Structure formats: structure tokens, C-alpha cells
Amino acid sequence: MDAQDQETLGRWDGLASRDTSSRTAAMEHIRQEVLSKVEAIGPEPTSSPSPSPSPCLSPASGSPARSDLNAVLAHLLMLTKRCPFEDVRERCVRLLQTVQDLGVRIPRPLGNGPSRFIPEKEILQVSKVDTRTQSIFEDAFAALGRLDNISLVMGFHPQYLESFLRTQHYLLQMDGPLSLHYRHYIGIMAAARHQCSYLVNLHVNDFLQVGGDPKWLNGLDGAPRKLQQLGELNKILAHRPWLLTKEHIEGLLKAEEHSWSLAELIHAVVLLTHYHSLASFTFGCGIMPEIHCDGGHTFRPPSVGHYCVCDIANGNNHHDSPFGSQEVCGGEVEVLMERMKQLQECRDDEEASQEEMATRFEREKTESMLVVTAEDEEWVPSRDISRHFEDPSYGYKDFSRRGEHVPTFRVQDYSWEDHGYSLVNRLYPDVGQMLDEKFQMAYNLTYNTMATHKDVDTSMLRRAIWNYIHCMFGIRYDDYDYGEINQLLDRSFKIYIKTMVCSPEKTTKRMYESFWRQFQHSEKVHVNLLLMEARMQAELLYALRAITRYMT
């Protein structure tokens, strides 16, 4: 990054300050810089040339000066919608209006808000949040210079969002065994395993900002040998973590001049599992590209009417589509609540034997293999994404197919609470504590509501969801009756869970709409937080058990 880029970056950083005068000064610098660029380039030709082949560039984007201006204008557009500071939003709108008045085409957003699945008006608007959420958004913006779409959707649950952002900030930016550019590159590798271009693009930008070598982005074979060796661990953890052995760990720790230290490996494992599971959340919530990234904006005029910069401020650049087909058979929520009540009564009346509990687990594990992930066609990842990992054909496979037998992972033998937590905390201080708080937050989060019903104890339902995911990964809790899962999770919900957790890139809006149709979007986002954290913990358990076996 040259000196001019550093200076420009510093000005954008100034917009994240909590001090109003600092933001004003930074904005004035940016305004002057933008206007000088506009003056140097001049207005658009009145007779518009033939359209550019790329929807993200203006017609005259062939020149570096024009491309540079376009990038700045796209960044300003993002700030008009995503900056938590009202003064910055308003100044960015005015600056874009000035640029448009000078005859330069400005960008407009593509898509309807942060999610393809949830109408924008239902997601917390940056300008209409409570004091606590406002503070969380400001902290996030100060840390990264952006308030991304994932955070906006997680904003339905501010308590969880706070824990998530604190953990992610620590993993990416605070003192730790791995260098900053290694951390972002591992994030790219992990997200790419699920073809999650949203996360890959974010971390490509972050990787370059912290001084990463652009050559590494040409493909995994351009990265250092040490990172290339992480490819096998990345692949197994993402798709079949039960196959991980202490030999895989030994291969990384004893690779001569390319070897990993135990502390580095723990940091890498936490990052890999974090981004595998975050890819699940990204696809499960239909997260849209960031406004300033590829696919988030266009410089082409809208096909109907005249686009005005004032539309940015008022959110008039699209129409919200209604949430799916809501003509559903009534009583779905009541049926679920009645089943919960009956199961509680059965629990109180009788307790199944250990043998019966084990049989029910095996039955549920076998049944989970019969749940076929939806849209199960062959997926061909784009070269843009697949260059960041090896063996694109390697994907999720059920663990007991074709005579393979993977022993059940019994939580009483190796649990997060008794074993994993302390191992992580010992080798990467504070992270075990942060992960534990995040797991607990997702698992215990409740507002005691189900759709329109209040004062409902949802703990049975939350546990069924968490344990079903762990069951799909071959993990068993001896004290849980797996017969409850079939009573509480219907087939369409199971298909959604399995797809989002095991093959998230195949998640569709139709699948999101097909489960829990009478529930609110905030409740579905809560489900996605449960799925994400349960998946991350399952991957971590297999990885940490393999590391423990190597150490002993």
C-alpha cells in the first residue's frame, strides 16, 4: 500500500471516531479529495457510450482515475446507508448529490438491504436503533471502518451481537500467535471451502489493508508452504471433521521449517471453525454483498425513471417484496407448543434406560443421513473462489455410508466444558472464555416467546436443535433423549438445518421460508445463531480432541 493509499485510509478511519470534530475534519478532507478527482476527470459525455460489460463500473471506467473515483463513490454510498453516525450519513448524501450535479454518474445500491430473505424494513435500520444497539454498532464501525450486513442481521439480538463482535475482534486484531495477514488469509481459505464469496471478498480487502502480499491471492499455491499445509485440516474440518486424527496434527507440528507451534495451530483452528460456521450463517440468512463491494452497487442508471441521490437517504431505491407465501395452515406454533408440553409430562412420568437412550441416538443418527440436503445438484465453484483451496470435489458425506463406521463421539469422554475450553484458554489466553460466553449466549438466549405467544419456556426446543446438529456430526449426549428430536423438528426444518450446516452454499430462500412459517424473522435468525454456534463447537471438539491425543 503506497503513501497516498495510507493517507486516504486514514481519512476513512477518521469517520469512525466518536469525536464529532474529528469526523467533520475527516469528511472535509474526503470532500476536497473527491471534488479534485471529479474536476480532473470532468463530467460524463452527454451521449452515453455503449454499456460497460461490468455492472459495477461506470461507462468511462477504463481509466485508472475513473476506477479510483468509482471506488471512492461506492464507499461513500456504503456510508450513506451503513454508517452509525448520522452526521457522516448526511454529509455523504450531500457530497454524492454535489458529484451528480457536476455531471458525474454516481452509484446506486443493488438488492434490497442486508438480506435476500428478510425485507429491509424488518431489519434494524441504522438510524432507528436503541441506545445499546447504537453503541454496539459504533464500536463495530470504529474497529473495522464498516458496519457489515452480518452485523445488521445479527442486530435482531444485540446481546449475542456484542459477544460475537468482541470475539471476532480479538481473533482478528488483538495480540495473538498469528500475524494479522495470516489471520485474514486463513479466513479466506475457510470461507472459500463453502464458496462464500461474501466473506472471501471482505477478507481479501482486509488482507491487503494489513499489508498482505497480493501474490498470495492468485491461489493457495502462491501462499507460503506453511499456509498451504493447512489445506488438509481446512478441508476435513469443513466437511467431515470426524475423520480428523492426531496424525493430521502431528503432520502440521513436525513439518520442519514449515511447522506450526501449538499456539499458532489453536489460533488457526479457531479461525477455521469460526469462518466455516459464519459461512453457514451468511448463506442461511441470505446475506447480500456489501454495498461498496462487487455485486453491491452499479453505475448503470435504473431501467425505469430517473435515479436521484435523495433516494439513497430515503431508501426509495427498491420495493420490499412480501415475506414469501404466508398462506399456511394455522396452528403450527400451537402444535409445537403442545408437543413440548407432552414431552415434558413424559419426562416427569418415566425415564428411559441408558440402553434405550443409546438406541434412540443411533436411530436419529441414521435418520439424519436420510435427510437429503435440498437443491442437491453438483456445485461447481468459480475459479475466483476455488483458487483459495485444494480438492474442490471434496464435500460433506454422511459418516457411516458404504460400510464406513465412525465411532460415536461421546461428550462424557471429551466435552467443551471439561476439556476443550481449558486447552484453548491455556494455549491462546482469553479466547476459551470468549468462545464459551458466545456458545452460552446463543444456547441460552430466549425472550420466552414463540411467534405471538408469550411466557413460553423454549429450552426444550433450543436443546433439540443444538443436539440434532451434534448428532449429525456423530456427537452424543448420554443424558439426552433423542426421541424428542422427531417430535419437535419437522422434515422441512431438518432439511434446512442439514443444508445450512453441512452444505450451506445450497441454502435457498424457498428453504428458509418453508420452515416455521408463522414465526418472526428474528426467531429464524436466532435459529441460525444456534446452528452456527453448534456447528462451530462440533468442529472444535473434533479438532481439540485430536490435538489432545497428540499431546498425550
Side-chain angles (χ1 to χ4, degrees), residues 1-41 64-102 104 106-109 125-129 131 133-149 151-152 165 168-169 172-174 180 184 201-212 290-293 296-297 309-310 312-313:
M1 190 179 295
D2 61 30
Q4 188 180 358
D5 286 341
Q6 288 282 12
E7 187 183 357
T8 304
L9 189 60
R11 289 173 189 170
W12 293 119
D13 286 348
L15 298 181
S17 170
R18 288 182 181 273
D19 176 53
T20 308
S21 58
S22 298
R23 295 198 300 270
T24 301
M27 196 68 224
E28 181 56 28
H29 276 304
I30 290 167
R31 191 182 74 84
Q32 290 175 8
E33 186 179 301
V34 169
L35 293 180
S36 68
K37 288 179 188 291
V38 169
E39 187 178 351
I41 293 169
R66 172 67 74 188
S67 295
D68 185 36
L69 175 61
N70 284 349
V72 172
L73 295 178
H75 201 118
L76 288 169
L77 175 69
M78 178 273 287
L79 292 170
T80 65
K81 300 280 274 183
R82 299 287 183 264
C83 182
F85 299 109
E86 186 177 4
D87 58 319
V88 173
R89 292 198 302 272
E90 290 176 350
R91 285 191 173 97
C92 289
V93 169
R94 287 203 297 270
L95 180 51
L96 285 173
Q97 181 70 66
T98 301
V99 170
Q100 186 177 51
D101 292 344
L102 290 170
V104 174
I106 61 161
R108 60 188 177 87
Q125 299 294 300
V126 173
S127 56
K128 302 170 188 169
V129 295
T131 308
T133 308
Q134 175 71 17
S135 178
I136 296 169
F137 282 176
E138 287 176 7
D139 288 344
F141 192 79
L144 287 170
R146 63 172 182 258
L147 182 59
D148 57 43
N149 289 338
S151 298
L152 282 170
L165 289 174
Q168 184 168 264
H169 178 69
L172 291 176
Q173 293 176 282
M174 302 299 283
L180 296 183
H184 289 295
N201 288 338
L202 278 187
H203 286 281
V204 163
N205 290 335
D206 292 341
F207 172 78
L208 294 172
Q209 275 195 17
V210 297
E290 295 300 322
I291 290 171
H292 61 302
C293 292
H297 63 275
V309 72
C310 59
I312 297 169

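Bear in mind the structure is a predicted one, so any value in this text is a computation, not a measurement. Values below: every heavy atom of this structure, side chains too, minus hydrogens, waters and symmetry copies.
- The aromatic rings of W12 and H75 lie parallel to each other, their planes meeting at an angle below 30°, with 60° marking the opposite boundary.
- Atom-to-atom distance recorded for D148:CG and C293:SG is 10.0 Å, nearest 0.5 angstrom.
- No side-chain heavy atom of R146 sits less than 4.5 Å from a side-chain heavy atom of R82.
- Taking CD1 of I291 as the reference point, atom CZ of R108 lies at 13.0 Å (rounded to 0.5 Å).
- Residues H29 and L15 fail the side-chain proximity criterion, which asks for heavy atoms closer than 4.5 Å.
- Side-chain contact between R31 and L35 is present, with at least one heavy-atom pair separated by less than 4.5 Å.
- Partner of L95 under the side-chain contact (heavy atoms from CB on, under 4.5 Å) criterion, chosen from L76, I106, T80: L76.
- Remark: D206 CG to Q173 CD distance equals 8.0 Å, nearest 0.5 Å.
- Note that CD of Q134 is 9.5 Å distant from CD of E86, once rounded to the nearest 0.5 Å.
- Counting heavy atoms from C-beta on, the side chains of N205 and Q209 never come closer than 4.5 Å.
- With a 4.5 Å cut-off on side-chain heavy atoms, P107 and N70 do not count as touching.
- Contact of the T24 side chain with the R91 side chain is registered, since non-hydrogen atoms from C-beta on lie closer than 4.5 Å.
- The shortest distance between side-chain heavy atoms of V34 and T98 does not fall below 4.5 Å.
- We find the SG-CZ distance between C83 and R23 to be 7.5 Å, quoted to the nearest 0.5 Å.
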Step by step, would you call L69 with V104 a side-chain contact (heavy atoms from CB on, under 4.5 Å)? CA-CA 10 Å; L69 175 61; V104 174; 4.3 Å; yes

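- Within the 4.5 Å cutoff, no side-chain heavy atoms of T20 are placed close to those of F85.
- Between atom CG of residue L79 and atom NZ of residue K81 there is a gap of 13.0 Å, rounded to the nearest 0.5 Å.
- Using modelled atom types, no side-chain atom of S17 and backbone atom of G14 make a donor-acceptor pair closer than 3.5 Å.
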